[in-house]
2 protein chains.
Amino acid sequence: MFSIGELSRRTKVKVPTIRYYETVGLLTAPERTEGNQRRYDRAGLQRLSFIRHARDLGFSIEAISSLIELQDHPDRSCQAATDIAAAQLSDVRAKIRRLRALEKELLRITKGCDGEGVSEDCYVLTSLADHELCEWEH
Amino acid sequence: MFSIGELSRRTKVKVPTIRYYETVGLLTAPERTEGNQRRYDRAGLQRLSFIRHARDLGFSIEAISSLIELQDHPDRSCQAATDIAAAQLSDVRAKIRRLRALEKELLRITKGCDGEGVSEDCYVLTSLADHELCEWEH
DNA sequence: CCTTGAACCTCTAGTCGCTAGAGACATTAT
DNA sequence: ATAATGTCTCTAGCGACTAGAGGTTCAAGG
Ligand SMILES: [Zn+2]
Ligand SMILES: [Zn+2]
Ligand SMILES: [Zn+2]
Ligand SMILES: [Zn+2]
């Protein structure tokens, strides 16, 4: 049986975050001591590790809820799980595409001024003021 | 003189967002009609376009505040502006690096299961439960 | 056994950048 | 003059936490 602090140390999830996961229903409420403190077992540890891992991979709380629900029913089809993962992948890819476009524009912008001049002539500021200078729509 | 709705149409910034920018000090409060409605001039339009453009490029409100401050003082050194842009660029790059790592793991995970099986044997769920299967730290 | 100090409890509010809604007032077009 | 649309302020909500206040419990040392 682990206290919340020990669980936190083992999973690297902060204590308030663990409590937060409980309030939003990601973690089921664990046993309590006489003095009302949470005590977790190995299952709780595993579940939190799962959550942590999924969060690290960018899954939303809602997605993780569904995944856990599925995990609790080993006989169900896993279609939903693969769907969620595929959606997450395409989400990540969309973000990458957007960020790469931003990177390009920002590179052009930062290259345009060495910071030695005066605000009035600054290419950074002019570029921001005038989207026409941009090579891409964003 | 534009009403807030017309400004919104021209800049593609939603009306409540314009008001929000005013409350947080990004936009200076414009003139009002007798009936207390906002009326913007060309300068207001330009300023909002600048903000919109910078937001599209991912700059934070705080960063944009500094940029605008600089823009209002054409004689100052633009060092701060280039610093902010450079910071934004490296921020974007860091995000891209992270997302690419995620993309790799997610690709591996999604490839591991076609969704035809049962939750118990699902590679998606097992991978999430066990970070050891991952190729990279995240 | 008792005291100390760390860890724990709940609750509220703040973060960021908006977005949505309620209920009232202003403007514009017919 | 009336109706439709636009605008006003204010409050609350989103996601996923994070921070702090003020109080209680636990575990270890004396
Ligand atoms: Zn410059
Ligand atoms: Zn642009
Ligand atoms: Zn599967
Ligand atoms: Zn992993």
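Proteins get letters first, then strands, A, B, ... in listed order; numbering begins at 1 in each. Scope of the values below: all heavy atoms of this structure, side chains included, with no hydrogens, waters or symmetry mates.
Put simply, the side chain of A:Leu7 does not reach to within 4.5 Å of the side chain of A:Val15, judged on heavy atoms. Residues B:Ile109 and B:Lys111 have side chains not in contact (no heavy-atom distance under 4.5 Å, counting atoms from C-beta outward).
Every residue two or more places apart in sequence or in another chain that forms a side-chain hydrogen bond (donor to acceptor under 3.5 Å, both in side chains) with B:Asp83 is listed here: B:Gln79. In this structure, B:Arg55 has no salt bridge (charged side-chain N to carboxylate O under 4.0 Å, His left out) partners at least two apart in sequence or on a different chain. Judged as a salt bridge (charged side-chain N to carboxylate O under 4.0 Å, His left out), and not counting sequence neighbours, the contacts of B:Asp72 are B:Arg47. Scored by the salt bridge (charged side-chain N to carboxylate O under 4.0 Å, His left out) test, B:Glu62 finds no partners at all (sequence neighbours excluded). Residues passing the side-chain hydrogen bond (donor to acceptor under 3.5 Å, both in side chains) test with A:Arg9: none are found, sequence neighbours excluded. Considering only residues two or more places apart in sequence or on other chains, A:Ala63 meets the side-chain contact (heavy atoms from CB on, under 4.5 Å) condition with A:Phe59, A:Ser60, A:Ile84.
By the 6.0 Å contact criterion, CZ on A:Arg42 is open, its count of non-hydrogen atoms from other residues, nucleotides or ligands being 12 or less. Applying the 6.0 Å contact sphere to CD of B:Glu6 captures more than 12 heavy atoms from other residues, nucleotides or ligands.
A salt bridge links B:Glu69 to B:Arg76: at least one charged side-chain nitrogen sits closer than 4.0 Å to a carboxylate oxygen.
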Do any N or O atoms of the protein come closer than 3.5 Å to N or O atoms of nucleotides 20-22 of chain D, and which pairs are they?
none

So which protein nitrogen or oxygen atoms get under 3.5 Å of nucleotides 4-7 of chain D's nitrogens or oxygens?
from	atom 1	to	atom 2	distance (Å)
D:dG6	N2	B:Gln37	NE2	3.4
D:dT7	OP1	B:Ser3	OG	2.6
D:dT7	OP1	B:Gly5	N	2.9
D:dT7	OP2	B:Gly5	N	3.4

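When the P atom of D:dA19 is taken as reference, atom OH of A:Tyr20 falls 15 Å away, rounded to whole Å. In this structure, the CZ atom of A:Arg55 is 11 Å from the P atom of D:dG15, given to the nearest Å.
At D:dT18, one or more side-chain N or O atoms of A:Thr17 fall inside 4.0 Å of OP1 or OP2 (strictly under the cut-off).
Sorted by first and then second residue, the pairs that involve residues 14-30 of chain B and meet side-chain hydrogen bond (donor to acceptor under 3.5 Å, both in side chains), not counting sequence neighbours, are B:Glu22-B:Arg38. Applying the side-chain hydrogen bond (donor to acceptor under 3.5 Å, both in side chains) rule to pairs touching residues 97-106 of chain B yields A:Arg93-B:Glu103, B:Glu105-B:Arg108, sequence neighbours excluded.
With a heavy-atom cut-off of 4.0 Å to chain B, the contacted part of DNA chain C has its first and last nucleotide at C:dG17 to C:dT27.
At a non-hydrogen distance threshold of 4.0 Å, B:Ser60, B:Ile61 from residues 56-65 of chain B come into contact with DNA chain C.
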